[in-house]
> 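A single structure is presented below for examination.
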Amino acid sequence: METTLVKQIYRDAESFGGKEVKVSGWVRTVRDSKVFGFIELNDGSFFKNIQIVFDESLENFKEITKLSVSSSIVVEGILELTPGAKQPFEIKARKIVIEGTSTPEYPLQKKRHTLEYLRTIAHLRPRSNTFSAVFRVRSLAAYAIHKFFQERGFVYVHTPIITGSDAEGAGAMFRVTTLDLRDTPRTPEGDIDFSQDFFEKETNLTVSGQLEAETFALAFRNVYTFGPTFRAEKSNTARHAAEFWMIEPEVAFADLEDNMRLAEDMVKYIITYVMENAPEEMEFFNKFIDTGLFDRLNNIVNSDFERITYTEAVDILKKSGEKFEYPVEWGMDLQTEHERYITEKVFKKPVFVINYPKDIKAFYMRLNDDGKTVAAMDLLVPGVGEIIGGSQREERLDVLEKRMEELGLKKEDYWWYLELRKYGGTKHSGYGLGFERMIMYLTGMSNIRDVIPFPRTTGNAEF
RNA sequence: UCCAUGGUAGCUCAAUGGUGGAGCAUCCGGCUGUUAACCGGAGGGUUGGAGGUUCGAGUCCUCUCCAUGGAGCCA
């Protein structure tokens with residue numbers, strides 16, 4: 001007999017009503033009395049469970065009443081529609097085969113656990129309601145992102161995970177080496193001799209695929225990357241991880257305005273797709289994780305994102321009368337408290353802040369005509385903070401080279417990047433979306449460690 | 001890395017410097033429609049670790065580890 005997935009039954013219960021079905025899954029709970037009992041079964045295909053009714057006519061009745069939580073079973077029986085009951089339908093079991101037993105020490109109770117505790121059992125937490133929902137949404141959101149870009153003709157490019165360019169400027173990097181760290185080869189000057197390393201030069205894990213993505217944008221026009229990214233910063237916050245995933249679109253012949261339009265469309269597309277394709281999971285988040293979730297997401301989808309310049313943001317902050325821990329001054333980077341004030345208090349929706357002072361932004365961002373600011377944009381969202389950072393790239397070779405000189409960057413290290421400006425350069429733009437931050441925003445989960453299956457943060461690489 | 005808070009039973013949490021408790025989970029029993037089932041009973045502890053103060057420390061002090069919240073770095 002064919003196995004039926006619980007999701008199929010939920011999606012089309014009518015056609016299964018009164019018919020024989022076979023399901024398999026893990027026991028979430030057993031409630032039994034003298035001659036009959038109920039099992040909540042989750043088969044992994046769907047967020048919700050299916051109720052199994054069993055009675056003493058089964059030869060292994062006693063055994064079944066003693067099943068520990070998370071035992072795996074195969075059930076055959078009749079699907080009965082139960083309108084008016086708390087569950088829409090149930091399976092009256094004819095046969096239950098115990099596939100794998102569990103034990104009383106199984107760490108996931110039927111009761112609520114803290115997210116902190118669940119983190120310590122990352123190998124079991126996907127079996128809990130919350131994480132079942134989180135990782136289903138994560139999968140759908142990843143698909144939605146590919147769908148969004150593919151529908152618009154973007155080419156998906158795999159930029160390298162191991163990089164030889166150290167100066168992407170996005171933070172501390174993890175070194176990749178095969179050298180024996182207890183006995184490293186030395187140059188005559190006493191430095192470590194990387195010419196004897198695997199790649200015969202210093203290499204690190206990527207902090208961004210942007211520079212490589214630009215090369216593809218100047219060939220394929222519209223491209224995006226979607227892959228793992230590594231930052232060796234010893235961050236200790238709810239929104240930083242050492243290993244995370246990033247989406248980096250890069251578009252030729254596009255200016256900052258086009259860039260923002262793309263980002264806004266993308267964010268709205270992802271939200272709409274996930275709301276439509278994971279209604280049960282989203283309802284769960286709205287009910288148990290963040291009761292304002294639906295209001296917030298609907299508000300995003302139906303409203304235009306705000307756009308203000310950095311200079312305007314500084315003005316707003318200065319005139320706010322708010323007491324900030326860090327003073328606001330033109331030229332200083334906006335602090336988290338400032339960003340939160342703008343997106344959460346002033347506009348109460350996503351806000352693009354553009355045209356930052358050049359001195360607080362990366363070398364590749366396009367210098368504006370005022371000579372003081374660059375065509376950068378950060379998308380700030382309530383609750384999560386910065387979710388997207390991007391810019392129009394400097395396409396003028398002389399301006400770019402001058403900027404690199406100012407920052408003490410060696411042109412030789414970027415020879416191929418600079419050649420893009422030499423051979424048919426064009427204005428182009430792109431941004432980076434922190435995938436996990438998007439998931440946090442979508443689900444209301446407030447810690448990045450709870451939207452990554454096996455999170456890596458400083459001091460923690462268990463599992 | 002800095003600031004704050006916390007660490008007690010498998011889990012979630014109580015306990016004025018004076019005999020460490022409860023709910024849930026577990027085990028045993030009861031119950032013919034349960035929905036985080038219900039009712040009765042039982043077992044379960046080196047109070048994160050090391051040191052100190054005290055007649056006496058879960059409680060006070062020092063150090064340390066870990067977690068959480070906030071900050072910095074950013075996505």
Side-chain angles (χ1 to χ4, degrees), chain A residues 28-40 48-57 65-66 68-69 80 82 84-88 90 92 102-121 128-129 168-173 206-210 228-248 263 288 324-326 333-340 360-362 378-381 384-390 431-441 446-452 457-460 462:
Chain A
R28 285 284 177 86
T29 170
V30 181
R31 296 180 288 271
D32 68 280
S33 78
K34 198 173 185 179
V35 295
F36 70 101
F38 304 91
I39 296 172
E40 292 284 333
K48 292 188 171 176
N49 305 320
I50 191 165
Q51 175 160 288
I52 312 294
V53 191
F54 62 100
D55 62 33
E56 59 180 349
S57 67
T65 62
K66 291 198 161 64
S68 298
V69 173
E80 284 181 358
T82 52
K86 284 191 185 175
Q87 75 289 338
E90 62 190 17
K92 198 120 173 96
S102 184
T103 71
E105 300 89 58
Y106 180 67
L108 269 178
Q109 317 163 19
K110 299 183 241 186
K111 286 267 197 181
R112 196 184 151 275
H113 289 285
T114 59
L115 296 171
E116 292 79 29
Y117 171 67
L118 291 169
R119 257 172 240 156
T120 68
I121 49 168
S128 67
N129 286 333
E168 284 155 3
M173 305 177 90
T206 183
V207 291
S208 164
Q210 183 203 315
T229 309
F230 308 88
R231 304 271 168 95
E233 247 104 38
K234 292 204 170 182
S235 298
N236 222 322
T237 79
R239 58 186 191 287
H240 289 86
E243 178 183 299
F244 62 100
W245 285 60
M246 193 154 64
I247 295 97
E248 295 177 287
F288 294 109
F324 295 111
E325 194 186 335
Y326 293 86
D333 209 352
L334 298 179
Q335 303 293 314
T336 298
E337 57 172 347
H338 304 142
E339 295 181 345
R340 294 187 67 144
I360 56 173
K361 288 292 181 183
D378 282 357
L379 179 62
L380 312 178
V381 297
V384 177
E386 188 180 336
I387 197 170
I388 285 175
Y431 60 82
L433 165 74
F435 183 53
E436 283 78 11
R437 291 191 182 172
M438 186 69 218
I439 304 301
M440 290 166 74
Y441 195 59
S446 55
N447 195 310
I448 197 167
R449 296 171 182 87
D450 296 329
V451 298
I452 300 178
T457 52
T458 176
N460 196 347
E462 189 66 55

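Quick caveat: nothing in here was measured; it's all calculated off a predicted structure.
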> Between U34(B), G72(B), C74(B), spot the one nearest the side chain of Q87(A), thanks.
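Nearest to the side-chain atoms of Q87(A), counting from C-beta on, is U34(B).
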> Atom CD of E80(A) and atom CD of Q87(A): how far apart are they, to the nearest 0.5 Å?
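Atom-to-atom, E80(A):CD and Q87(A):CD are 10.5 Å apart.
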> Between C28(B) and G43(B), how far apart are the C1' atoms? Round to whole Å, please.
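These two C1' atoms come out 10 Å apart once rounded.
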> Taking a pair as Watson-Crick or G-U wobble with both distances under 3.5 Å, which nucleotide is matched to U5(B)?
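Because both required distances fall under 3.5 Å, U5(B) counts as paired with A67(B).
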> Identify whether any heavy atom of E243(A) sits under 4.0 Å from a base atom; if not, whether one sits that close to sugar-phosphate; answer base, sugar-phosphate or nothing.
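No contact at all - E243(A) keeps every heavy atom at 4.0 Å or more from the nucleic acid.
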> Pick the C1' atom in G49(B) and in G6(B), then give their distance to the nearest Å.
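The same atom, C1', in both gives a distance of 16 Å.
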> Flag the pair F324(A) / H338(A) as yes when their ring centroid distance falls below 6.0 Å, and as no otherwise.
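Close enough - the centres of the two rings lie under 6.0 Å apart.
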> Go ahead and name the base partner of G40(B); Watson-Crick or wobble counts if both distances stay under 3.5 Å, otherwise write none.
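Paired with G40(B), as far as the under-3.5 Å criterion goes, is C28(B).
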> Can you measure E56(A) atom CD to G33(B) atom P for me and round it to whole angstrom units?
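Answer to the nearest Å: 14 Å.
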> Output the rounded distance in Å from NZ (K110(A)) to C1' (A36(B)).
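Atom-to-atom, K110(A) to A36(B), this comes out as 8 Å.
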> By nearest atom, which of the nucleotides A36(B), C11(B), G33(B) is closest to the R112(A) side chain?
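My answer, after comparing the listed nucleotides, is A36(B).
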> Side chain of T114(A): nearest nucleotide among U32(B), U12(B), A71(B)?
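The answer is U12(B), which lies nearest to the side chain.
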> Give a yes or no on whether a donor-acceptor pair under 3.5 Å exists between the nucleobase atoms of C74(B), that is its base, and the side chain of S235(A).
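Under the 3.5 Å cut-off, the side chain and the base do not form any donor-acceptor pair.
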> What pairs with K110(A) under side-chain hydrogen bond (donor to acceptor under 3.5 Å, both in side chains), at least two apart in sequence or on another chain?
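Residues passing side-chain hydrogen bond (donor to acceptor under 3.5 Å, both in side chains) with K110(A): T29(A).
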> Nearest to the side chain of Y117(A), heavy atoms from C-beta on, is which of U26(B), A67(B), U12(B)?
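For the Y117(A) side chain, the nearest candidate turns out to be U12(B).
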> Choose from A67(B), U34(B), G10(B) the nucleotide whose nearest atom is closest to any side-chain atom of F38(A).
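Within the option list, the nearest is U34(B).
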> In whole angstrom, give the distance that lies between atom OH of Y106(A) and atom P of U26(B).
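Rounding to the nearest Å, OH of Y106(A) and P of U26(B) are 13 Å apart.
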> Find the distance D333(A):CG to G72(B):P and express it as a whole number of Å.
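Distance check: D333(A) CG to G72(B) P gives 9 Å.
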> Which nucleotide in the list C31(B), A67(B), C73(B) gets nearest to the side chain of S33(A)?
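The closest nucleotide is C31(B).
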> Is any side-chain N of the basic residue among R239(A) and E436(A) closer than 4.0 Å to the acidic one's carboxylate O?
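A salt bridge is absent here (no side-chain N lies under 4.0 Å from a carboxylate O).
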> Across all strands shown, which nucleotide pairs with U16(B) by Watson-Crick or G-U wobble geometry, both distances under 3.5 Å?
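Paired with no nucleotide.
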> U54(B) and G48(B): how far apart are their C1' atoms, nearest whole angstrom?
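One C1' to the other, the span is 23 Å.
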> Considering Watson-Crick and G-U wobble pairs with both distances under 3.5 Å, what does C11(B) pair with?
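Matched C11(B) with G23(B) under the 3.5 Å cut-off.
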> Is the backbone N or O of A172(A) less than 3.5 Å from a side-chain atom of E233(A), with the two atoms forming a donor-acceptor pair by type?
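It does hold such a pair.
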> Is there a donor and acceptor pair closer than 3.5 Å between the side chain of H240(A) and the base of C74(B)?
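Checked by distance alone, the answer is yes.
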> With nearest nucleotides of RNA chain B determined for G432(A) and G459(A) from heavy-atom distances, which residue corresponds to the more 5′ nucleotide?
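Closer to the 5' end of RNA chain B: G459(A).
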> Distance between the C1' atoms of C63(B) and G70(B), in whole angstroms?
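Their C1' atoms lie roughly 25 Å apart.
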> Quantified in whole Å, what is the P atom distance between nucleotide G40(B) and nucleotide A22(B)?
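Going atom to atom, P in each nucleotide, I get 14 Å.
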> Side-chain donor or acceptor of Q51(A) under 3.5 Å from a matching atom on the base of U34(B)?
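It does, because a donor-acceptor pair links the side chain of Q51(A) to the base of U34(B) below 3.5 Å.
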> Name the closest nucleotide to the E233(A) side chain, picking from A71(B), U32(B), C73(B).
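The answer is C73(B), which lies nearest to the side chain.
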> Hey, does L108(A) reach any base, or is it just sugar-phosphate, or nothing, if we go heavy atoms under 4.0 Å?
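Nothing, no heavy atom under 4.0 Å.
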> Using a heavy-atom cut-off of 4.0 Å across all strands, would you classify E116(A) as base, sugar-phosphate, or nothing?
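It contacts sugar-phosphate atoms only.
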> Mind calculating the distance between NE2 (H338(A)) and C1' (C74(B)) to the nearest angstrom?
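In whole Å, C74(B) C1' lies 17 Å from H338(A) NE2.
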> Within the structure shown, what part of the strands sits under 4.0 Å from P107(A) by heavy-atom distance: base, sugar-phosphate, or nothing?
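Nothing, no heavy atom under 4.0 Å.
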> Does D32(A) reach a base, just sugar-phosphate, or nothing at all? Heavy atoms under 4.0 Å.
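D32(A): base contact, heavy atoms under 4.0 Å.
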> Considering only the C1' atoms, how many Å lie between G52(B) and G72(B), rounded to the nearest integer?
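Taking atom C1' in both G52(B) and G72(B), they lie 36 Å apart.
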> In whole Å, what is the span from the CD atom of E462(A) to the P atom of C66(B)?
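Nearest whole value for this atom pair: 13 Å.
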> What is the separation between atom NE2 on H113(A) and atom P on G10(B), rounded to the nearest whole Å?
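Between P of G10(B) and NE2 of H113(A): 14 Å.
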> Which comes earlier along RNA chain B counting from the 5' end, the contact point of V30(A) or that of Q109(A), where each point is its nearest nucleotide?
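That would be Q109(A).
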> Counting any heavy atom closer than 4.0 Å, what does T237(A) reach on the DNA or RNA strands: base, sugar-phosphate only, or nothing?
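Since a base atom lies under 4.0 Å of T237(A), the category is base.
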> Have a look at T229(A) and say if it touches a base, only the backbone sugar-phosphate, or nothing, with a 4.0 Å heavy-atom cut-off.
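The answer is nothing, as T229(A) stays clear of every strand by at least 4.0 Å.
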> Roughly how many Å apart are C2(B) and U64(B), using the P atom of each and rounding to a whole number?
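Nearest-Å result for U64(B) against C2(B) at atom P: 10 Å.
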